[in-house]
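This report refers to the structure that appears directly beneath it.
First listed ligand is number 1; within each ligand, the first listed atom is number 1. The figures that follow rest on heavy atoms only: side chains count, while hydrogens, waters and symmetry mates do not. Nothing fancy with the numbering, it's 1 onward along the sequence.
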Amino acid sequence: MSLIAKMDAQIGRQGGLVVSCQPVPDSPLDKPDIVAAMALAAQQAGAVAVRIEGINNLRAVRQAVTLPIIGIIKRDLTDSPVRITPYAEDVDALAQAGADIIAIDGTDRIRPVAVRDLLARIHHHGLIAMADCSCEQDGLYCQQTGAELIGTTLSGYTSEHTPAEPDLALVTTLSQAGCRVMAEGRYNSPELAAQAKRHGAWAVTVGSAITRLEYICQWYCDALQEAAT
Ligand SMILES: CC(=O)N[C@H](C=O)[C@@H](O)[C@H](O)[C@H](O)COP(=O)(O)O
């Protein structure tokens, strides 16, 4: 069975929840053994894959879980707004650390390495390529260029204003265009994740609402403060 057929069976099956285990940077939880524990807990609770940032975290998670791992490296570049897996060397390092799927920024922005070259590098390692996109145009380009998975990950993050709600319309548009759509970004409740499925998502990735304890506490603190005024 090809790797993508395996992923269709393992991840894209009905109800596929992918848990992004990316603690808030410099949080007390931002440690490889804690990230690995989060990933194992997600596996035990029924997640079908995990999304992991950074080589040390990926190595620790690879030891702990049998689930498919979506690997990324985030960098803050001075000359490009692209943050997610910008370099070919990042792809090589993620492949070596045990990623099954590698996600890259799939947006049409100034970048050190072309999307086409990063996708080719992922395929050179025999792995599945996911493109984190911001709009229909990005998604269709990345699909035509060979990305097996198209994420809505960067919708709302390429301009000043980030909406509170996820981009369900983009899920619909891309799935109707024949993409395997990973709904990702602000699916902060089970109901929103279920809506992504109803809009045609192949699977849904949830991060903050499951693994960023500080954000979740803040949501509750804000709600309680508002109720008190
Ligand atoms: C925009 C960006 O850099 N997104 C990142 C991609 O890896 C992560 O910070 C998100 O947590 C992830 O996409 C999951 O989304 P949410 O945390 O909203 O469930």
Side-chain angles (χ1 to χ4, degrees), residues 11 16-27 29-30 34-35 38-39 42 45 47-55 57-58 61 68-77 80-87 90-91 94 99-109 111 118 122 128-135 138-139 142 147 149-168 170-171 174 181-197 199 201-219:
I11 301 178
L17 170 69
V18 179
V19 177
S20 170
C21 303
Q22 297 184 60
V24 173
D26 300 324
S27 157
L29 302 175
D30 188 11
I34 293 177
V35 173
M38 285 181 186
V48 296
V50 289
R51 177 169 166 121
I52 304 297
E53 193 279 331
I55 296 303
N57 290 332
L58 186 38
V61 172
I69 301 176
I70 302 169
I72 61 169
I73 289 177
K74 279 182 177 167
R75 296 187 183 280
D76 288 311
L77 305 180
S80 163
V82 166
R83 294 187 73 218
I84 298 177
T85 321
Y87 295 123
D90 295 335
V91 169
L94 289 164
D100 303 281
I101 298 169
I102 295 177
I104 63 161
D105 179 303
T107 64
D108 178 21
R109 297 183 290 179
R111 52 193 309 135
L118 291 172
I122 296 168
I128 288 176
M130 172 169 168
D132 289 328
C133 296
S134 70
C135 62
D138 294 345
C142 291
L149 308 181
I150 304 297
T152 59
T153 322
L154 295 175
S155 171
Y157 297 103
T158 55
S159 59
E160 295 281 292
H161 175 68
T162 302
E165 296 293 310
D167 193 348
L168 286 163
L170 183 58
V171 173
L174 291 172
V181 182
M182 181 70 80
E184 177 164 350
R186 308 181 299 282
Y187 287 92
N188 291 341
S189 71
E191 175 49 30
L192 286 170
Q195 279 194 41
K197 268 316 251 195
H199 282 69
W202 179 76
V204 185
T205 296
V206 178
S208 305
I210 297 179
T211 58
R212 286 188 178 136
L213 189 141
E214 292 88 338
Y215 289 9
I216 303 162
C217 285
Q218 193 67 57
W219 297 338

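- For atom 4 (N) of ligand 1, the nearest non-hydrogen atom of the protein is T153 CG2, 4.1 Å.
- Among all protein heavy atoms, the one lying closest to atom 17 (O) of ligand 1 is S208 OG, 2.6 Å.
- Looking at P23 and I34, their side chains never come closer than 4.5 Å, going by heavy atoms from C-beta outward.
- Contacts between E53 and ligand 1 below 4.0 angstrom, taking non-hydrogen atoms only, are absent altogether.
- In terms of protein heavy-atom proximity, atom 18 (O) of ligand 1 is nearest to R186 N, 2.8 Å.
- For the pair G185 and ligand 1, a heavy-atom separation below 4.0 Å is found.
- We find the CG-SG distance between D167 and C133 to be 11.5 Å, quoted to the nearest 0.5 Å.
- S134 and L154 get closest at one heavy-atom pair: CB-O, 3.4 Å.
- In this structure, the protein non-hydrogen atom closest to atom 10 (C) of ligand 1 is R212 NH1, 3.9 Å.
- Side-chain atoms of Q22 and S20 include a donor-acceptor pair closer than 3.5 Å.
- Residue-ligand proximity, Y157 to ligand 1, at heavy-atom distances under 4.0 Å covers atoms 1 (C).
- Screening I70, I150, T152, V204 for a side-chain contact (heavy atoms from CB on, under 4.5 Å) involving M182 leaves a single residue, I70.
- Residue G207 has at least one nitrogen or oxygen atom sitting less than 3.5 Å from a nitrogen or oxygen atom of ligand 1, judged on distance alone.
- For ligand 1, the atoms lying closer than 4.0 Å to a non-hydrogen atom of Q22 are 6 (C), 7 (O), 8 (C).
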**Prompt:** For T85 and L118, what are the C-alpha separation, side-chain angles and deciding distance, and is it a side-chain contact (heavy atoms from CB on, under 4.5 Å)?
**Reply:** CA-CA 9 Å; T85 321; L118 291 172; 5.7 Å; no
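- Heavy atoms of D132 found under 4.0 angstrom from ligand 1: none, in either backbone or side chain.
- In terms of protein heavy-atom proximity, atom 6 (C) of ligand 1 is closest to R51 NH2, 3.3 Å.
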**Message:** Pair Y87, V82 - check side-chain contact (heavy atoms from CB on, under 4.5 Å), show working.
**Reply:** CA-CA 10 Å; Y87 295 123; V82 166; over 6 Å; no
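- Of the possible donor and acceptor atoms, none in the side chain of R83 sits under 3.5 Å from a partner among the backbone N and O of D76.
- Taking a cut-off of under 4.0 Å to the non-hydrogen atoms of I72, the atoms of ligand 1 that pass are 7 (O).
- For M130 against G151, the heavy-atom pair with the smallest separation is CE-CA, 3.9 Å.
- The shortest contact between atom 14 (C) of ligand 1 and any protein heavy atom is with E184 OE2, 3.7 Å.
- For atom 5 (C) of ligand 1, the nearest non-hydrogen atom of the protein is K74 NZ, 3.5 Å.
- Across all non-hydrogen atoms, the minimal contact from A131 to A147 is CB-CB, 4.0 Å.
- Among all non-hydrogen protein atoms, the one lying nearest atom 2 (C) of ligand 1 is L154 CD2, 4.2 Å.
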